[in-house]
Amino acid sequence: MDPSIAPASRAAAVTPNDTAIVGARALYIGTAGDVAIAPRRDMDPVIFRNVPAGTILPVHAAIVALTGTTASNIIALF
């Protein structure tokens, strides 16, 4: 299967950090809130507002920033 469309095969808990590289293909949001994501490490984060609990955000997340993130129990899908 083409790896760009294959389902995730790994997962890991995310601790938001303004500089740590996550490199996730998608994020599961366990507890509702805002999520600040930089799609590439050389880009400023974009804030997804009011993301409901249980949402899977199908976006590449190089960085899940601490600044601007209020959601918690975030899981990175790889």
Is the number of heavy atoms from other residues, nucleotides or ligands within 6.0 Å of CG (Asp42) greater than 12?
yes
Between Arg25 and Ala6 (side chain of the first, backbone of the second, donor and acceptor by atom type, cut-off under 3.5 Å), is there such a pair?
yes
Report yes or no: do Leu27 and Ile63 belong to one cluster of Ile/Leu/Val/Met/Phe/Trp/Tyr joined by side chain heavy-atom distances under 4.5 Å?
no
Does NZ or CZ of Arg10 lie under 6.0 Å from the centre of the six-membered ring of Phe78, at an angle within 45° of the ring axis?
yes
Distance alone, cut at 3.5 Å: any donor-acceptor contact between the side chains of Asn17 and Thr15?
no
Among Val22, Val59, Val46, the one residue meeting side-chain contact (heavy atoms from CB on, under 4.5 Å) with Ile37:
Val59
Just so I know, are the side chains of Asp34 and Val51 near enough to count as touching, which here means a heavy-atom distance under 4.5 Å?
no
Check for me, please, whether Phe48 and Ile29 land in the same ILVMFWY cluster - side-chain distances under 4.5 Å, paths through other members count.
yes
What is the minimum heavy-atom distance between Ala65 and Pro45, and which atoms define it?
CB-CG, 3.9 Å
Separation between OH (Tyr28) and CG (Asn73), nearest 0.5 Å, reads 8.5 Å
Let me check something: do Ile75 and Leu57 share a hydrophobic cluster, defined by ILVMFWY side-chain heavy atoms less than 4.5 Å apart, either directly or through other members?
no
When you measure from the side chain of Asp18 to the backbone of Leu66, do you find a donor-acceptor pair of N or O atoms at a distance under 3.5 Å?
yes
